[in-house]
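Just so we're on the same page: letters track the sequence lines, and every chain starts at 1.
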Protein chains: 2
Amino acid sequence: MDKIDAKIVQALQEDGRLTNQDLAEKIGLSPSPCLRRVRNLEKAGIIKAYSATIDQKACGYPITCFVRIRLSIHTEDTIQKFEKIVEETPEILDCYLMAGGSDYQLRVVTGSLDEYEQLVRQTFQKLPGISSVETSFAYGVVKKSRVLPVKINT
Amino acid sequence: MDKIDAKIVQALQEDGRLTNQDLAEKIGLSPSPCLRRVRNLEKAGIIKAYSATIDQKACGYPITCFVRIRLSIHTEDTIQKFEKIVEETPEILDCYLMAGGSDYQLRVVTGSLDEYEQLVRQTFQKLPGISSVETSFAYGVVKKSRVLPVKINT
DNA sequence: TGATGATTGGCATATTATACCAGTTCGAGG
DNA sequence: CCTCGAACTGGTATAATATGCCAATCATCA
């Protein structure tokens, strides 16, 4: 991850559909070595994926909420069942295991409060071993960045 | 947003660099109308951007944390100064305004706990009108989806 | 049924990606 | 200081892809 790689990563985060030619020009390199660097970053797993960012409302999911879930039973079985449901539920976008306690924090999208209630009932309340479910609704977005900063190693 | 558009949006979330030909084949359409639909979705703002997803660790930011910040003073000036700093700080990736109280929730990346401490000191503790800063560290990621589900309208 | 507007598929051209080659730079070791 | 070797760079030819245009098809409504 030298200076040029950092520029490439930065540029592709800002626009993932940049043509190789435009990218090369932007970072000050000719197309050939530029493409090779991109492929290397992909192979190395530094560039993990490309994706389109979609308008949530247009997809029918105007509401974002954060859910903190605490497990009371911490057997392998309970954890696996929980994480399986997380994985299978498309409205659950992110799930982090939080330090200090056995808390999960989820980011969930939903079309309405009713739908959210349905979701919670159909997923978590069926599971054994959940001790609490706390939901915080977001009513505004101040920032939503797709661009991670990049540190230069070499 | 008919069935075909939904398929397009789905596919481009999963792979934002799909060629138009592959996309067309995947959704069962010929390239021409497929491209036109994609362009329309872009113009309509439904597809908002394309971007590469990057490995956090490789960029030097292995730690993710969530920060809840409460303002004690709610003047326009305080809010604007706060949101300006949020906007200008690249380590702050997301910032949501939360319902019930004047809380913000941030998603922040950092290279180490020391760096995090520096960040908090240099940004929030300088600002007037902040009544509390609560940080939760994530020590594991169960799920991180780039694919929002899509509802069909028409 | 007939007319109209939207959508589709195919084609020609312009743009882009990719593999391959030679020239260059940089660093290690003598 | 010189030589060697590896890695990187830039250019080029070819293959793949995007894009604009046209006629054909489909759905809708009178």
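For the OP1/OP2 pair of D:dC8 and a distance below 4.0 Å, the side-chain nitrogens and oxygens of A:Arg37 include no atom meeting the criterion. Applying the 4.0 Å criterion to OP1 and OP2 of D:dA7, one finds that A:Arg36 has every side-chain N and O outside that range.
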- prompt: What do the steps show when you test B:Tyr116 against B:Glu91 for side-chain hydrogen bond (donor to acceptor under 3.5 Å, both in side chains), and what is the final call?
  reply: CA-CA 9 Å; B:Tyr116 181 68; B:Glu91 292 95 337; over 6 Å; no
query: Which is it for A:Glu42 and A:Tyr50 under the side-chain hydrogen bond (donor to acceptor under 3.5 Å, both in side chains) test, yes or no, and what are the steps along the way?
result: CA-CA 10 Å; A:Glu42 289 168 357; A:Tyr50 297 92; 2.6 Å; yes
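Summarising the geometry, the separation between CG on B:Leu41 and P on C:dT7 is reported as 12 Å, rounded to the nearest angstrom. If you measure from atom CG of A:Asn40 to atom P of D:dC8, you get 8 Å, rounded to the nearest angstrom. Atom CZ in A:Arg39 sits about 15 Å away from atom P in C:dC20, given to the nearest Å. In this entry the distance linking CD1 of A:Ile27 with C1' of D:dT9 reads 12 Å, nearest Å. We find that CG of B:Leu18 is positioned 13 Å from C1' of D:dT17, with the value rounded to whole Å. One interatomic measurement links the two molecules: CG of A:Asn20 to P of C:dT18, which rounds to 8 Å at whole-angstrom precision. Across the protein-nucleic acid pair, A:Gln21 atom CD and D:dA16 atom P stand 17 Å apart, rounded to whole Å. B:Lys3 has its NZ atom 17 Å from the C1' atom of D:dA27, to the nearest Å.
Here the side chains of B:Met1 and B:Ile46 are in contact, with some heavy-atom distance below 4.5 Å.
Nucleotides of DNA chain C nearest to B:Ile4 and B:Arg17 differ in position, and the one nearer the 5' end is that of B:Ile4.
For A:Leu29, whose side chain is taken as the heavy atoms from C-beta onward, the closest listed nucleotide among C:dT8, D:dT9, C:dA17 is D:dT9. Nearest nucleotide to the B:Ser30 side chain, out of C:dG9, C:dA17, C:dA19: C:dG9.
Aromatic rings from A:Phe66 and A:Phe137 are positioned such that their centres are separated by 6.0 Å or more.
Base engagement by B:Ser32 is indicated by at least one non-hydrogen atom pair under 4.0 Å involving a base atom.
Remark: the A:Gln56 side chain and the A:Lys144 side chain contain an N/O donor-acceptor pair separated by less than 3.5 Å.
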